[in-house]
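Just below is one structure, and these are the notes that go with it.
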Number of protein chains: 2
Amino acid sequence: MAAKRPRPHQDKEALKDHCARWTGARQEVFDVLVKTEQHLSAQDIHHQCQAANSDIGLTTIYRTLDLLDKAGLVRKVHSGDGRVRFEYRRSAHADHHHHLMCSGCGQILNYRDFEQEELELVRRTEDVLARKHGYLIRDHNIEFIGLCPECRPGGRRSVIAPEGPDAGTNT
Amino acid sequence: MAAKRPRPHQDKEALKDHCARWTGARQEVFDVLVKTEQHLSAQDIHHQCQAANSDIGLTTIYRTLDLLDKAGLVRKVHSGDGRVRFEYRRSAHADHHHHLMCSGCGQILNYRDFEQEELELVRRTEDVLARKHGYLIRDHNIEFIGLCPECRPGGRRSVIAPEGPDAGTNT
DNA sequence: CTGTGTGCAAAGCATTTGCACTATG
DNA sequence: CATAGTGCAAATGCTTTGCACACAG
């Protein structure tokens, strides 16, 4: 849990268009995401709120996440395991990263290499795709899928069934 | 439905390790995917089988898709709408493409531009990630998310709720 | 023949929705 | 105060499982 301050100013502004009241529940859900680099599911967040003595219903968490997503403060990530996860969108350049996911245990790693090359390619691709297909492009997603050291053949976890739920869910 | 011949030879070989018997049902599910460039959900395939007078249960389709996925003949795609879709993996270079998805209606487009640049970047990234994190990388996924001409602000479909189920599911 | 594959019905789960209640602005 | 936000419980919809039967090898 490396703490980082929430960024209420510009973030809350972005929210103004999407909700009328900024409540404690919303603040807490938001805080949980701001304070981590992990990719959390609604349930993960629910657990963390409970651990922090906040008694927020799962429903509210889903609704808040939807809100934050629409406001663009948060990004949905479809991990391979059926549930949707969310990560806080930090300021563009500082936080630009892509994902490396293990199809064995569901672990998600962020990596930040190749920013320069990627950004260039991404920018050019966006241009062409936007023009060619008439799309309004708002985001991109680059991920590599494979087996982590634990799950790869010869790894400690290989052949055997993957871990339990909350285990390899993160980063 | 632009027809392309199934590739029984190498494909069936890949299957030998993953199933004991090659049945009619499996062939049909496989055929449906081979014959299209679209990204189909289990239900989509179910419908197509019914349309083709095959009476294959949804359960079998799910099981077959899982089989084909494990055999590497098919690729899972997590479209934003909650259901998982599948596409046939054609031979590597001939078929290399990435996705452009509309977050409004769920449409998925394949595009094949920038192959050269992308492949280069991808290869280099795979190398580094594999070495740095000990992963065994097996696949990558590059997608751009935005709004299609219909769904973008000013488009015919904008503001209004997206289309019905089978509408924007494809390509 | 002998398991492997299949279908049906029921179970599982993440997510969504209806509705009465609470608290923000 | 009026309305947006919340929680609960029930509903939804995709996917998985248990079990008895059917068929490929």
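If you're wondering where the values come from, they're calculated on a predicted model, not measured in any experiment. Note on naming: letters A, B, ... go to the chains in the order of the sequence lines (proteins, then strands), and numbering restarts at 1 for each one.
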(request) Please identify each residue that fulfils side-chain hydrogen bond (donor to acceptor under 3.5 Å, both in side chains) with A:Asp127, with sequence neighbours left out. (result) none
(request) Applying side-chain hydrogen bond (donor to acceptor under 3.5 Å, both in side chains), name anything that partners A:Arg21, two or more places apart in sequence or on another chain. (result) none
(request) Go through the structure and list residues passing side-chain hydrogen bond (donor to acceptor under 3.5 Å, both in side chains) with B:Arg26, not counting sequence neighbours. (result) none
(message) Side-chain N or O of A:Tyr62 versus OP1/OP2 of C:dT16: is the shortest distance under 4.0 Å?
(response) no
(request) Could you check how far CD of A:Gln43 sits from P of C:dC13, rounded to whole Å? (result) 11 Å
(request) Write down the distance between CZ (B:Arg26) and P (C:dT4), rounded to a whole number of angstrom. (result) 11 Å
(message) Tell me the bend of the helix from C:dC1-D:dG25 to C:dG25-D:dC1 as the angle between end helix axes, each from five pairs, rounded to the nearest 10 degrees.
(response) 40°
Could you list all N or O pairs between the protein and nucleotides 17-25 of chain D that sit under 3.5 Å apart?
{"residue": "D:dA24", "atom": "N3", "partner": "B:Arg21", "partner atom": "NH1", "Å": "3.4"}

(request) Examine distances only and state if a side-chain atom of A:His46 and a backbone atom of A:Ile56 form a donor-acceptor pair shorter than 3.5 Å. (result) yes
(request) Please report, rounded to the nearest Å, how far the P atom of D:dG5 is from the CG atom of A:Leu67. (result) 8 Å
(request) Report the distance from atom CD1 of A:Ile61 to atom P of D:dC8, rounded to the nearest whole Å. (result) 11 Å
(message) Under 4.0 Å between a side-chain nitrogen and a carboxylate oxygen: does that hold for B:Asp69 and B:Arg89?
(response) no
(request) Please name all residues satisfying side-chain hydrogen bond (donor to acceptor under 3.5 Å, both in side chains) with A:Arg63, sequence neighbours left out, ordered by chain then number. (result) none
(request) Could you tell me whether A:Asp44 and A:Arg83 have a side-chain N and a carboxylate O separated by less than 4.0 Å? (result) no
(request) Measure up the B:His99 and B:His39 rings against each other and bin them: parallel (under 30°), tilted (30 to 60°), perpendicular (over 60°). (result) perpendicular
(request) Grab the CG-P distance between A:Asp66 and C:dA14 for me, whole Å please. (result) 18 Å
(request) Specify the separation, in whole Å, of atom CD1 of B:Ile56 and atom P of C:dC8. (result) 12 Å
(message) Rounded to whole Å, how long is the line connecting atom CG of A:Leu58 with atom C1' of D:dT12?
(response) 16 Å
(request) Could you state the atom-to-atom distance from CG of A:Leu65 to C1' of C:dA14 in whole Å? (result) 13 Å
(message) Heavy-atom nearest nucleotide on DNA chain C for A:Phe86 versus B:Gly57: which residue maps closer to 5'?
(response) B:Gly57
(message) With a 4.0 Å cut-off on N to O distance, would you call B:Arg112 and B:Glu37 a salt bridge?
(response) yes
